[in-house]
Q: 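Please read through the structure below; I'll follow up with questions.
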Amino acid sequence: MTSSSLPGPDRAPLAYRIGYGEDAHRLARPEDGGRPLVLGGVQVPSERGAVAHSDGDAALHAVADALLSGLALGDIGQYFPDTAAEWRGMDSRVILERALGLVRERGYAPLNVALVVTLDRPKLGPLRAEIARSLAALLALPGGEVGVSFKTSEGLAPDHVQTRVTVLLGRLEPGDADV
């Protein structure tokens, strides 16, 4: 790397950017404040769901944060604070659409997404393809560009769901703005 290729005010925009996001929610039964469990836009059959201000889709929250972090745009809490009544119960697809819009406004689009969900139960393996398809559709990506992995906490944190996401963003070419 030469000094002329280092980041600075006069350099051309990077062709690729990498973003990272995380989210976690406590799980509870409906009578204790748990909402239906939703991951990646897919409702997961479960006796417990996320305790959250929005619908608590930890996967979509982490993807949105990864999109934002890839372009140094902050995090979803800046755009959708959990102290604002207007966002209570909001569908997390709205959060993702806003983050995706901000990324596209700056001339980038997601090329690849890798999601890891840590959840002790229920087991998510049977929903892997559905969650991957849902994320691919929401991000306008081919299915093979969305990786979905599942882990357990090995009993260390059985009352929560946690998600981690990396995203590769690519610079749009002129005329690609409708992607």
Side-chain angles (χ1 to χ4, degrees), residues 14 16-28 34-80 82 90-104 108-170:
L14 295 172
Y16 300 99
R17 310 270 310 238
I18 297 171
Y20 176 79
E22 283 192 29
D23 197 45
H25 289 286
R26 184 171 60 86
L27 298 175
R35 299 180 177 279
L37 184 59
V38 179
L39 292 169
V42 174
Q43 187 151 348
V44 176
S46 178
E47 295 177 2
R48 300 180 310 155
V51 176
H53 188 71
S54 69
D55 68 2
D57 188 329
L60 293 188
H61 295 175
V63 172
D65 271 341
L67 291 168
L68 295 170
S69 78
L71 292 174
L73 296 175
D75 59 62
I76 62 174
Q78 291 175 254
Y79 301 92
F80 302 98
D82 64 5
M90 178 180 51
D91 186 326
S92 292
R93 289 177 288 199
V94 172
I95 294 171
L96 183 62
E97 288 167 6
R98 172 79 167 126
L100 193 55
L102 290 168
V103 166
R104 287 185 174 143
Y108 286 85
L111 301 176
N112 178 273
V113 174
L115 164 70
V116 178
V117 179
T118 302
L119 179 68
D120 283 2
R121 64 182 202 288
K123 298 298 183 193
L124 298 173
L127 296 173
R128 183 184 323 274
E130 186 177 357
I131 292 170
R133 278 192 305 272
S134 175
L135 285 173
L138 291 167
L139 296 168
L141 287 172
E145 298 304 331
V146 176
V148 178
S149 301
F150 303 124
K151 306 290 180 205
T152 71
S153 75
E154 299 294 334
L156 296 173
D159 295 321
H160 94 294
V161 58
Q162 184 167 14
T163 55
R164 295 174 181 89
V165 171
T166 57
V167 62
L168 176 64
L169 300 172

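Note that the structure is predicted; figures quoted are calculated from it, not measured. Values below: all heavy atoms of this structure, side chains included; hydrogens, waters and symmetry mates excluded.
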Q: Residues in side chain to side chain contact (heavy atoms under 4.5 Å, CB included) with F150, at least two apart?
A: V117, L124, R128, I131, V148
Q: Once side chain to side chain donor-acceptor pair (under 3.5 Å) is applied, do any residues pair with S54, and if so which ones, sequence neighbours excluded?
A: H61
Q: Assess whether atom OH of Y20 is packed by more than 12 heavy atoms of other residues, nucleotides or ligands within 6.0 Å.
A: yes
Q: What's the shortest heavy-atom distance between L67 and V103, and which atoms?
A: O-CG2, 3.5 Å
Q: Of all residues at least two apart in sequence or in a different chain, which pass the side chain to side chain contact (heavy atoms under 4.5 Å, CB included) check with A64?
A: I76, I95, L96, A99
Q: V161 vs L39, test: side chain to side chain contact (heavy atoms under 4.5 Å, CB included). Steps then yes/no.
A: CA-CA 10 Å; V161 58; L39 292 169; 4.1 Å; yes
Q: For P122, which residues count as a side chain to side chain contact (heavy atoms under 4.5 Å, CB included) partner, sequence neighbours excluded?
A: L37, V44, S46, L119
Q: Considering all heavy atoms of both residues, which atom of L68 and which atom of G74 are nearest to each other, and what is their separation?
A: CB-O, 3.4 Å
Q: By the salt bridge (charged side-chain N to carboxylate O under 4.0 Å, His left out) test, which pairs, at least two apart or in different chains, include something from residues 17-26?
A: none
Q: Residues in salt bridge (charged side-chain N to carboxylate O under 4.0 Å, His left out) with D91, at least two apart?
A: R93
Q: Do other residues, nucleotides or ligands put more than 12 heavy atoms under 6.0 Å from L14 CG?
A: yes
Q: What's the shortest heavy-atom distance between L111 and Y16, and which atoms?
A: CD1-CE2, 3.6 Å
Q: Restricting to non-hydrogen atoms, name the atom on P45 and the atom on L127 that form the minimum distance, rounded to 0.1 Å.
A: CD-CD1, 4.2 Å
Q: Not counting sequence neighbours, which residues clear side chain to side chain donor-acceptor pair (under 3.5 Å) with S153? List them please.
A: D120
Q: Who are the side chain to side chain donor-acceptor pair (under 3.5 Å) partners of E154, not counting sequence neighbours?
A: T152
Q: Nearest 0.5 angstrom please: T118 OG1 to H160 NE2, how far?
A: 6.5 Å
Q: So which atom in L141 and which in P110 form the shortest heavy-atom distance, rounded to 0.1 Å?
A: CD2-O, 3.1 Å
Q: Sub-3.5 Å donor-acceptor pair from the side chain of H53 to the main-chain atoms of D82, do we have one?
A: yes
Q: Can you tell if the side chain of V165 reaches within under 4.5 Å of the side chain of V113, non-hydrogen atoms only?
A: yes
Q: Using 0.5 Å steps for rounding, measure from the CE atom of M90 to the CG atom of D57.
A: 11.0 Å
Q: Are L138 and L60 close enough, and set up right, to give a side chain to side chain contact (heavy atoms under 4.5 Å, CB included), and what steps lead you there?
A: CA-CA 10 Å; L138 291 167; L60 293 188; 3.9 Å; yes
Q: Would you mind listing every salt bridge (charged side-chain N to carboxylate O under 4.0 Å, His left out) that reaches into residues 130-153, with sequence neighbours excluded?
A: none
Q: Please identify each residue that fulfils salt bridge (charged side-chain N to carboxylate O under 4.0 Å, His left out) with R48, with sequence neighbours left out.
A: D159
Q: Determine which pairs satisfy salt bridge (charged side-chain N to carboxylate O under 4.0 Å, His left out) with at least one residue from residues 69-78, sequence neighbours left out, and list them in order.
A: none
Q: Looking at residues at least two apart in the chain, or sitting in another chain, which of them share a side chain to side chain donor-acceptor pair (under 3.5 Å) with E47?
A: R29
Q: Return the minimal non-hydrogen interatomic distance between V42 and S134, and the atom names on each side.
A: CG2-CB, 3.8 Å
